[in-house]
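Below, each value reflects all heavy atoms present in this structure, side chains not excepted, and no hydrogens, waters or symmetry copies. The sequence lines fix the lettering, A, B, ..., with proteins before strands; numbering per chain opens at 1.
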Amino acid sequence: MMLSRLYSTIESALQEVCGQKDVHLSDGGSHADLSSTVSFSLAKKLRRSPAEIAREMAETLSRREDLAGVRVEALGPYLNFHIGPELLETAIIEATQPGYGSFPAREERVVLEHTSANPNGPLHVGHIRNTIIGDTLARCLRKAGYPLEVQYYVNDMGRQIAIVVWGFQNIPDTPVPGEKGDHHVARIYIAANRELEKRPDAVAEVDLLMQRVESGDPQTVREFRSAVTECLDGFLVTLARLGAKHDRFVWESDFIRNGDTQRVLSKVSHMDECHEDGRLWLDLSAFGFEKEYVLRRSDGTSVYAARDLAYHIWKARNFDRVIDVLGADHKLIGAQLVTTLRLLGERPPEIVHFEFVSLPEGSMSTRAGKFVSADELLDEVTRRAYEEVTSRRPELPGAQRHEIARSVALAAVRYDIVKISPDKSTVFDWKEALDFERQSGPYIQYAHARACSILEKAGSFGTAYAPEDPHEHALVRHITRFPLVMENVVRDLKPHLLAAYARELADLFNTFYHFVPVLKSGGVLRNSRLTLVLATRNTLAEALQALGIDPLTTM
RNA sequence: GGGCUUGUGGCUUAGCCAGGAUAGAGCGCCGGGCUUCUAACCCGGAUGUCGGGGGUUCGAAUCCCUCCAGGCCCGCCA
């Protein structure tokens, strides 16, 4: 908080001094805490050299009361701001407190939808990119003080589900002992698709199921519900293993049953863009959409887009900020949805799109049975983590080794996914998934565990702030930036920024650890270093928790 | 064909929206470091036309145009 307030103080001081709004203020990199390149743009206006302007501005700014505690200096054309020791000391002490990086409670109610995979087979390594991005954002939003509800939108009446139901009716099913519901549903779904390819005539039976479920035929509704529930129960187990929790599961069919879909369709029918020719569709070509946005079929049944519209109107009216995490394949439909909601005068969602995860042999497909399931991934990574823990800490009891392995595996999986910017498509790689070294979740956990170990051995100590080593200063500087990073993550909805921050903090701590003795130092130096270790430990823990990773105290 | 998006050392990637100070990392490679607070660690080295070309600018990985390559989308599916 302190640093972000300082940022705006410096910004307005600069604006006053140079008389323009854009003051080119940015992170000072390795040169300073903050720096400005405004002298370049002033140089042209004033017809004087940038360095000269910077020097004068530095003098003026140095005399300002509101910048007390900040050292301003000109280095060539650059205007550098160095935050003074008193301010840093306050920030470091703040960083030792639980909840560092959190903000006071806010009024704005937020709803975040993530994962929402079709219940026709287990979550795979593509789906969990959605889960991990979504859950990390959820944790960050909560930490940032927002009242948040996390929702899973259950697509319980799509064609895929009709195929599953048809499969349960028509495919001989031999139970597999110990098989999870979602894997069972996938087995039926894959077999049903194969069968339907052989018997195209049976497709009409699937269509009939879809009509019956929309009209509310009790028997069909029960069969759909039962298939979906079986799959969803499997999802719940996987989601729990991933550390992700939804507050509410919203069933798509509810928006048919409660009349919302009908209501939105009748509202839409009065729009200028609306056309009815048996079907009901919107012409959004004025907004750059070539394709017709069909909402109701000629047989009278609604299309996914119509139910989605009803769902989003419901969210818009009950929350102040609506966030969806969706795959890149939903970009077009998402943009159409946003445009339509705007035309209807409803609050559109902020959509976080993530690009696809594919396998080395090509794209994943539940229908074709070509996917690596999240359960498989977690099992394998946990197995490897257990091997690793056992070879490093053979003296620990088995139960504890299993517990550490579980946490390490989750850290590896979550971090491996969240560290990559969502707009990069990726290829799933077992070697990378099983890597517990640098730029991994376990690496950051390890730094945390090391800090814990020092603090445990230290016993009680007095708080102090007297950094002298460059490694200490670097650590201090990074720790004080944490609240700014959290603010950026929830503003821009970019969880990978937090992943990068945590890894950098671990890097700096490990270097500090190597070069700077803590327990062996004495007097105020020892207390100062222990305070810094405590601040690091706490900041790492806060960041790890926001990433959904357990801050292990030993590993 | 049209739209969206990505292209940064051998591989993976940050930085790009809000243009500036030697383009950061990791893996792999080469060479070092455990009688010292947990070596899942640390230090040093080699490796870069920031996809190609043009433009804007005092200054471009970053902005604009264009071309090339990959991914996604373009259904009365979800």
Inset, instruction - Give, ordered by number, those residues of residues 493-506 of chain A having at least one heavy-atom distance below 4.0 Å to an atom of RNA chain B; if nothing qualifies, reply none. - result: A:Lys494, A:His496, A:Leu497, A:Arg503
Inset, instruction - Give, ordered by number, those residues of residues 296-310 of chain A having at least one heavy-atom distance below 4.0 Å to an atom of RNA chain B; if nothing qualifies, reply none. - result: A:Arg297, A:Ser298, A:Val303, A:Tyr304, A:Arg307
Inset, instruction - Apply ring pair (Phe, Tyr, Trp, His ring centres under 6.0 Å) to A:His312 and list each qualifying residue two or more places apart in sequence or on a separate chain. - result: none
Inset, instruction - Identify whether the distance between the nearest side-chain nitrogen and carboxylate oxygen of A:Asp27 and A:Arg477 falls below 4.0 Å. - result: yes
Inset, instruction - Can you figure out which of B:rC41, B:rG26, B:rC27 approaches the side chain of A:Tyr443 most closely? - result: B:rC41
Legend entry - Interface residues of residues 409-419 of chain A with RNA chain B (non-hydrogen, below 4.0 angstrom): none
Legend entry - Counterpart residues, side chain to side chain contact (heavy atoms under 4.5 Å, CB included), relative to A:Ser39 (two or more places apart): A:Pro50, A:Ile53, A:Ala54, A:Pro77
Inset, instruction - State whether the distance check finds a donor on one side and an acceptor on the other, under 3.5 Å, for side chain A:Asn510 versus base B:rA39. - result: no
Inset, instruction - Figure out the CG/P separation between A:Asp492 and B:rC16, and round it to whole Å. - result: 10 Å
Legend entry - Pair A:Lys424 + A:Glu355: basic N to acidic O under 4.0 Å: no
Legend entry - A:Phe515 CZ to B:rC37 P, straight-line distance once rounded to whole Å: 16 Å
Name the pairs: protein N/O against N/O of nucleotides 70-75 of chain B, kept only if under 3.5 Å.
{"from": "B:rG75", "atom 1": "OP2", "to": "A:Lys291", "atom 2": "NZ", "distance (Å)": "2.7"}

